[in-house]
Structures are given as structure tokens and as C-alpha cells.
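One structure is given here, and the rest of the page talks about it.
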Number of protein chains: 2
Amino acid sequence: MNTKDYLITHNIKPSMQRIAIMDYLINHKTHPTADEIFVDLNKLYPTLSKTTIYNTLKLFTENGAVLTLNIDEKNVRFDGDTSNHAHMQCTRCGKVYDLKIISDAEIEVANHEIVETQIIMKGYCEKCRNINNN
Amino acid sequence: MNTKDYLITHNIKPSMQRIAIMDYLINHKTHPTADEIFVDLNKLYPTLSKTTIYNTLKLFTENGAVLTLNIDEKNVRFDGDTSNHAHMQCTRCGKVYDLKIISDAEIEVANHEIVETQIIMKGYCEKCRNINNN
DNA sequence: TTTAAAATTGTAATCATTACAAATATGATT
DNA sequence: AATCATATTTGTAATGATTACAATTTTAAA
């Protein structure tokens with residue numbers, strides 16, 4: 001599927017800016033920050049504003065087109081791959097790697113030396129799940 | 001074990017401030033932010049500075065006495081419970097709950113409605129694990 | 001006590017992110 | 001094609017969590 005249709009599938013109207021940002025995330029599997037995306041895309045599209053990057057990434061996340069990753073305290077990262085996988089960040093170089101989830105009990109950690117594992121779920125707690133949205 | 005000895009065990013010299021902050025984390029299992037800790041402790045110890053809170057939480061984390069949680073983009077949270085457990089944040093109320101890890105393949109999600117699961121590991125990648133520390 | 005090192009403090013700076021209002025683009029309707 | 005309403009984009013200014021830094025205070029050894 002092309003990028004335009006991918007956005008439409010997620011109920012996102014495909015503007016030029018949105019396609020450029022989504023394309024960037026599909027082609028750069030480095031879990032970039034908003035600023036990294038801005039710096040790179042700004043070379044190609046000098047009128048693109050950083051606010052648009054932020055707005056767009058928020059919209060993409062809300063519509064399930066990308067993942068927002070809170071891996072470290074420095075800044076938020078974005079992932080165009082929404083399939084089921086885990087992440088590992090190297091404490092020394094800061095790079096974020098994808099890890100393949102083999103089964104509920106097994107994750108392929110490759111040649112990384114794992115020091116710590118965090119599991120974070122998001123959803124609704126008992127109280128909040130019973131409140132009506134509006 | 002008392003708080004003082006807990007800190008000593010983690011190679012942390014137990015000053016008054018450090019004991020107060022560690023005590024706070026042991027007694028408040030709400031995954032507080034640095035600011036929440038500051039506001040509460042400042043009532044008891046009006047001379048305590050926010051910088052000390054940050055310095056101390058950083059030291060505690062480096063020495064494995066507390067966990068630093070990057071759960072959402074707003075701010076960092078801290079957990080005095082370093083035992084193996086998972087977290088779940090309610091998207092509506094923002095509260096962070098502890099989840100019990102029953103086995104490698106099973107986490108007790110209680111009555112929460114889980115929407116998304118993230119697994120984040122920290123450690124050293126292949127390149128960096130072969131570099132000597134100094 | 002003297003003295004050096006460690007810890008704490010307050011203020012100022014940093015920097016990622018957001019708020020906001022103006023400008024532009026889009027798309028339907030006449 | 002002109003008009004109009006709505007959505008999108010933009011630039012600037014504000015926000016707010018965290019950190020840098022230098023001064024002060026505490027600690028503990030000599």
C-alpha cells in the first residue's frame with residue numbers, strides 16, 4: 001500500500017506535509033525524534049514548520065498510524081512500524097533497536113547485553129473504563 | 001531493613017535529605033513525579049530544595065535504589081519498589097498502577113482494560129558492549 | 001580546631017513541547 | 001470562476017520540566 005492510502009486507512013487526510021512525514025517514518029526505522037524529522041525534512045521542504053511536525057505526529061499517534069515511544073527522559077521518539085515488537089535502547093550510545101517478539105515468553109535479544117526490562121501497558125483502569133466518553 | 005541501611009546497602013551515604021526522599025518513595029507507591037515529592041516533602045522540610053530532589057533521585061537511580069519510569073511525555077516518575085513488576089497507566093486519569101508478573105508469559109492485569117503493551121529493554125548493544133569502560 | 005571533600009541550596013539557563021493567532025490551502029456551492 | 005466555510009499550516013511566543021552552576025553548608029577525618 002502506498003503512503004497516501006495508508007493515511008486514508010487511518011482516517012487521516014493526506015496532505016503533502018503528512019505524506020512527507022509518514023514517508024520519512026516508513027523509510028527511517030531509527031526511531032527519530034521530532035527534531036530529527038524536522039531537520040531532515042526541512043532540507044527537502046524549507047517551508048515545513050516544526051509545529052506541523054508536532055501536530056502531525058500527534059495526529060498520527062491518535063489514529064494509530066505511528067507509535068510514540070517514551071524511552072528516555074530526553075525526548076519522545078516515533079516509530080512508523082506499528083506491528084508487535086519490542087525495543088531496546090543502548091545506555092551508552094543511545095541508539096534504539098527493534099527486538100522481535102517470538103512468543104509471549106520469548107524475545108529475540110540478538111547480541112545485545114540486556115540490563116533491565118520494563119513492561120508498560122496503557123489502557124483504562126477499573127474506575128475510568130466505566131465512565132462514558134463524550 | 002530500615003531506610004538508612006537500605007541506602008547504605010546501595011552505597012549511598014544516608015543524609016537527612018536522602019532518608020526523607022527514600023522514605024517518601026517507600027511509603028508512597030503512587031509513582032510520584034519529582035515535583036510531587038518536592039511539594040509534599042517541602043511541607044515537612046521547608047529548606048529542602050528541588051535541586052536536591054533531582055540530584056538525589058538521579059543518584060538513587062544510578063545506584064539501583066529506585067526506578068526511573070518514562071511512562072508518558074509529561075514528566076518522569078519514580079518508583080521505590082525495584083522488584084520485578086510491570087506498570088499500567090490509565091490513559092484517562094493518568095494514574096500509574098503496579099501489575100504483578102506471574103510468569104514470563106503472564107501478567108496479572110486485574111480489572112484494567114489494556115489497550116497497548118510496550119516492552120522496553122535497556123543495556124548495551126553489540127558495538128558498545130565491546131568498548132572498555134573507564 | 002583545621003581543613004578538604006561532599007552535599008545542599010537558590011538562581012539562572014536550557015530545551016523540548018505546546019498555545020495561539022495569523023495565513024494559507026482545500027473543497028463544496030452557487 | 002467567485003464565494004464561503006472549514007481544515008491545515010505556519011511562525012512566534014509561552015510553558016514547564018530538568019539541568020548547570022556557583023555559593024553555602026555540612027560532614028568527617030587529621
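Order of the sequence lines sets the chain letters (A, B, ...), proteins ahead of strands, with each chain counted from 1. Worth knowing before you read on, the calculation uses all heavy atoms, side chains too, and leaves out hydrogens, waters and symmetry mates.
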> Quick one: does Lys95(B)'s side chain get under 4.5 Å of Thr30(B)'s, heavy atoms only?
Replying inline: no
> When the C1' atoms of the five terminal pairs at each end define the local axes, what inter-axis angle does the helix from dT1(C)-dA30(D) to dT30(C)-dA1(D) show, to 10 degrees?
Replying inline: 20°
> Would you say the side chain of Thr91(B) lies within less than 4.5 Å of the side chain of Val115(B), judging by non-hydrogen atoms?
Replying inline: no
> Would Ile71(A) end up clustered with Met121(B) when hydrophobic side chains under 4.5 Å apart are linked, directly or stepwise?
Replying inline: no
> For the atom pair CD1 (Ile19(A)) and OG1 (Thr56(A)), what is the distance rounded to the nearest 0.5 Å?
Replying inline: 11.5 Å
> Going hydrophobic residue to hydrophobic residue with side-chain gaps under 4.5 angstrom, can you get from Leu67(A) over to Leu25(A)?
Replying inline: no
> Which of residues 33-61 of chain A have a heavy atom under 4.0 Å from DNA chain D?
Replying inline: Thr47(A), Leu48(A), Ser49(A), Thr51(A), Thr52(A), Asn55(A)
> Got Thr33(A) and Lys74(A) here, is their nearest side-chain heavy-atom distance under 4.5 Å?
Replying inline: no
> Would a hydrophobic clustering, with Ile, Leu, Val, Met, Phe, Trp and Tyr connected at side-chain separations under 4.5 Å, put Met88(A) with Ile101(A)?
Replying inline: yes
>> Using a strict heavy-atom distance below 4.0 Å, which residues from residues 17-30 of chain A are in contact with DNA chain D?
In response: Gln17(A), Arg18(A)
> Do Tyr54(B) and Leu57(B) sit in the same hydrophobic cluster, where Ile, Leu, Val, Met, Phe, Trp and Tyr count as joined when their side-chain heavy atoms come under 4.5 Å apart?
Replying inline: no
Pair up each side-chain donor or acceptor in residues 76-83 of chain A with any protein partner under 3.5 Å, not counting sequence neighbours, and list the distances.
| unit_1 | atom_1 | unit_2 | atom_2 | d |
| --- | --- | --- | --- | --- |
| Arg77(A) | NH1 | His31(A) | O | 3.0 |
| Asp79(A) | OD1 | Asp81(A) | N | 2.8 |
| Asp79(A) | OD2 | His85(A) | NE2 | 3.0 |
| Asp79(A) | OD2 | His87(A) | NE2 | 3.0 |
| Asp81(A) | OD1 | Ser83(A) | N | 2.9 |
| Asp81(A) | OD1 | Ser83(A) | OG | 2.7 |

> Is Ile114(B) reachable from Ile119(B) through a run of hydrophobic residues whose side-chain heavy atoms are each under 4.5 Å from the next?
Replying inline: yes
> Is there side-chain contact between Leu59(A) and Arg18(A), with at least one heavy-atom pair below 4.5 Å?
Replying inline: yes
> So which of residues 70-82 of chain B are in contact with DNA chain D, with a heavy-atom cut-off of under 4.0 Å?
Replying inline: Lys74(B), Asn75(B), Val76(B)
> So do Cys128(B) and Glu113(A) actually touch side chain to side chain, heavy atoms under 4.5 Å?
Replying inline: no
>> Does the protein touch nucleotides 24-30 of chain D at the base, only the backbone, or not at all? Give it as B, S and - per nucleotide, heavy atoms under 4.0 Å.
In response: -------
> Side chain of Arg129(B), backbone of Asn111(A): donor and acceptor closer than 3.5 Å?
Replying inline: yes
> Heavy-atom distance under 4.5 Å between the side chains of Val66(B) and Met22(B), does that happen here?
Replying inline: yes
> From Glu73(A) CD over to Asn75(B) CG, what is the distance, rounded to the nearest 0.5 angstrom?
Replying inline: 11.5 Å
